[in-house]
Amino acid sequence: MSSTSNSTSKKILVILGPTATGKTSLALRLAKKFNGELISIDSRQIYRGLDIGTGKDIGNLRPQVSNLETSCGKLHYYLFDKTKLWLTDLVTPDQAFSVAHFLPLAHLLIKDIQGRGKRPIFVGGTGFYLKALLQGLDTGTIKPRPFLRSALTILPAPILSFLIRKTNPSKWKSMTSSDQKNPRRLIRALEVSLSRKNPPPLPRLKHSFCLIGLKTDLKTLRPLIQKRVQKRLEQGLLSEIENLIKKYNWSDPGLNTLSYKEFKPYFQGISDLKTCIKNWEHHEYQYAKRQITWFNKQKDITYLNIQDSNLKELKVFDNE
RNA sequence: GCCGAGGUAGCCAAGAUGGUCACGGCGCUGGUCUGAAAAACCUGAGAUAUCAGUUCGAGUCUGAUCCUCGGCA
């Protein structure tokens with residue numbers, strides 16, 4: 001019984017679901033059960049220093065340096081009771097990060113983890129990153145052009161829409177009416193259209209994935225969110241923010257994150273703490289709904305209800 | 001009880017001299033997504049406190065009723 005010999009053919013697990021459904025704790029248990037290592041699919045846990053607010057739950061853990069060399073330097077991981085967790089704490093809050101950074105790292109890690117006879121288990125709730133992982137990202141190698149972007153930002157959406165319709169009619173047609181009114185998407189579309197040489201896209205992965213979605217109804221999610229908000233405040237979220245704003249600006253990409261941005265008015269003395277907390281809680285709830293919208297479109301997800309007692313025993317995975 | 005102010009959607013709120021489907025914002029619904037995605041967008045549903053009157057026509061004018069707030073008793 002050599003369970004590790006053909007592990008490359010084993011499906012890669014993906015644990016997804018809206019915020020506050022307990023993805024991480026499930027993932028850790030699955031990692032034990034299936035000899036896995038965790039890879040975070042989370043656009044916010046990427047940021048160093050955003051610990052409590054993004055729910056990293058690292059406590060006193062220290063990052064361990066691996067020998068995987070990347071453009072961000074050597075990759076590191078956290079060790080949760082012998083289980084490795086990758087792809088958190090990659091950049092500082094003032095740095096930009098995107099799917100295009102995430103994807104090659106994810107590919108690298110899949111290869112590395114499988115090469116060591118283990119099973120990659122992705123866990124997280126960033127729908128866009130997940131989609132790119134599963135379906136590829138053709139334009140992922142076309143880099144942003146900051147100068148072009150800032151020049152275009154001053155233009156109103158209808159003008160941008162007009163420009164893309166003239167320069168790249170097929171792209172314009174492929175955009176939904178919602179995106180045709182979204183300046184950010186229009187600017188990116190122009191950026192892609194105007195790029196002279198198109199670098200070859202990243203090769204698509206040939207792996208097969210097993211998607212496990214955690215599900216609950218919104219009524220039960222709400223109190224879970226409230227509880228978690230309370231817990232994070234007790235863990236010292238406010239002093240974490242206080243330290244962050246000593247080093248970084250509110251306009252930095254990392255601070256445009258739930259549980260941080262809501263406290264901007266408080267630290268600026270414009271609003272009281274209670275209001276900020278209420279807004280935060282509210283935004284978390286809205287975010288959860290947006291995540292659910294993402295996952296609803298994703299095919300082939302096996303949904304598990306977080307209240308299912310079989311889930312607590314992991315019996316549901318016995319046939320894996 | 002008297003005086004004053006006011007009652008527009010779940011909340012905040014605009015509405016000169018009466019005249020098309022009553023501005024917005026928050027929230028709520030549903031959705032979009034190929035380098036910011038915990039982001040950025042799109043869509044939809046909600047209201048003139050009540051009753052009467054003036055008028056071709058009233059959120060807008062008049063009266064009454066009810067309610068809220070402030071002041072005086």
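G27(B) and C12(B) have their P atoms separated by 15 Å, given to the nearest Å. Using C1' as the reference atom, G46(B) and G24(B) are 15 Å apart when rounded to the nearest Å. Distance noted for atom P between A45(B) and G7(B): 27 Å (whole Å). Nucleotides U8(B) and A47(B), compared at atom P, are 14 Å apart to the nearest Å. On the P atoms, C56(B) is 15 Å away from G18(B), given to the nearest whole Å.
Closest to the side chain of Q286(A), out of C28(B), C41(B), A37(B), is C28(B). Considering only the side chain of T257(A), A38(B) comes nearest among G31(B), A38(B), U34(B). When each of U32(B), A39(B), U29(B) is scored by its nearest atom to the side-chain atoms of K297(A), the top-ranked nucleotide is U32(B).
As judged by a 4.0 angstrom heavy-atom cut-off over every strand, P144(A) is placed among the base-contacting residues. Among the atoms of the strands shown, base atoms are found under 4.0 Å from some heavy atom of T139(A). Looking at heavy-atom distances under 4.0 Å, Y129(A) makes contact with sugar-phosphate atoms alone, never a base. Backbone-only engagement by N256(A) is indicated by non-hydrogen atom pairs under 4.0 Å involving sugar-phosphate atoms exclusively. Contacts of F102(A) with the nucleic acid, taken as non-hydrogen atoms under 4.0 Å apart, are absent. K261(A) comes within 4.0 angstrom of the backbone, heavy atoms only, and of no base. Heavy atoms of T19(A) sit nowhere under 4.0 angstrom from any nucleic acid atom.
When Watson-Crick and G-U wobble pairs are counted only if both distances are under 3.5 Å, U29(B) pairs with no nucleotide at all. When both distances must be under 3.5 Å, the Watson-Crick or G-U wobble mate of G4(B) is C69(B). In a base pair of the Watson-Crick type (N1 to N3 plus N6-O4 or O6-N4) or a G-U wobble (N1-O2 and O6-N3), with each distance short of 3.5 Å, A64(B) is matched with U50(B). Across all strands shown, A13(B) forms no Watson-Crick or G-U wobble pair with both key distances under 3.5 Å. Base pairing analysis places C56(B) opposite G19(B); the two distances defining the Watson-Crick or G-U wobble pair are each below 3.5 Å.
A side-chain N or O of S161(A) and one of W172(A) form a donor-acceptor pair less than 3.5 Å apart. Side-chain contact of Y47(A) with Q95(A): a donor-acceptor pair under 3.5 Å is absent, judged by distance alone. A donor atom on one side chain and an acceptor atom on the other are not found under 3.5 Å apart for T293(A) and N296(A).
Dashed line: the shortest gap from a side-chain N or O of K181(A) to OP1 or OP2 of U32(B) is not under 4.0 Å. Between T126(A) and A38(B) there is a side-chain N or O to OP1 or OP2 distance below 4.0 Å. Between S43(A) and the phosphate of A38(B), there is a side-chain N or O to OP1/OP2 separation shorter than 4.0 Å. Under 4.0 angstrom from either OP1 or OP2 of C33(B) there lies no side-chain N or O belonging to K131(A). Not one side-chain nitrogen or oxygen of R290(A) sits closer than 4.0 Å to the OP1 or OP2 atom of C41(B). The phosphate of G35(B) has OP1 or OP2 within less than 4.0 Å of a side-chain N or O from R188(A).
In summary, E191(A) and R149(A) engage in a salt bridge, as defined by a charged side-chain N under 4.0 Å from a carboxylate O. Between K278(A) and E262(A) there is no salt bridge, since no side-chain nitrogen of the basic residue lies less than 4.0 Å from a carboxylate oxygen of the acidic one. Salt-bridge check for R228(A) with E284(A): passed, with a basic side-chain N closer than 4.0 Å to an acidic carboxylate O. Using a cut-off of 4.0 Å between Lys/Arg side-chain N and Asp/Glu carboxylate O, D51(A) and K56(A) are scored as salt-bridged.
For H101(A) against G35(B), a side-chain N or O and a base N or O form a donor-acceptor pair under 3.5 Å. Residue side chain R185(A) reaches the base of A39(B) through a donor-acceptor N/O pair under 3.5 Å, judged by distance alone. One N or O donor and one acceptor, one from the side chain of S178(A) and one from the base of C41(B), sit under 3.5 Å apart.
Between K289(A) atom NZ and U32(B) atom P the separation is 15 Å, expressed in whole Å. A36(B) atom C1' lies 14 Å from atom CG of L255(A), rounded to whole Å. In this structure, Q180(A) places its CD atom 15 Å from P of U32(B), rounding to the nearest Å. The CG-P distance, from L103(A) to A37(B), rounds to 14 Å in whole Å.
In this entry the base of G63(B) is anti relative to its sugar, with a glycosidic angle more than 90° from 0.
Across the interface with RNA chain B, nearest-nucleotide mapping of K143(A) and G127(A) shows K143(A) to be the residue nearer the 5′ end. Remark on RNA chain B: of its neighbouring residues L258(A) and D138(A), the 5'-side contact belongs to D138(A), judged by nearest-heavy-atom nucleotide.
Atom SG of residue C276(A) and atom NE2 of residue H283(A) lie 10.5 Å apart, to the nearest 0.5 angstrom.
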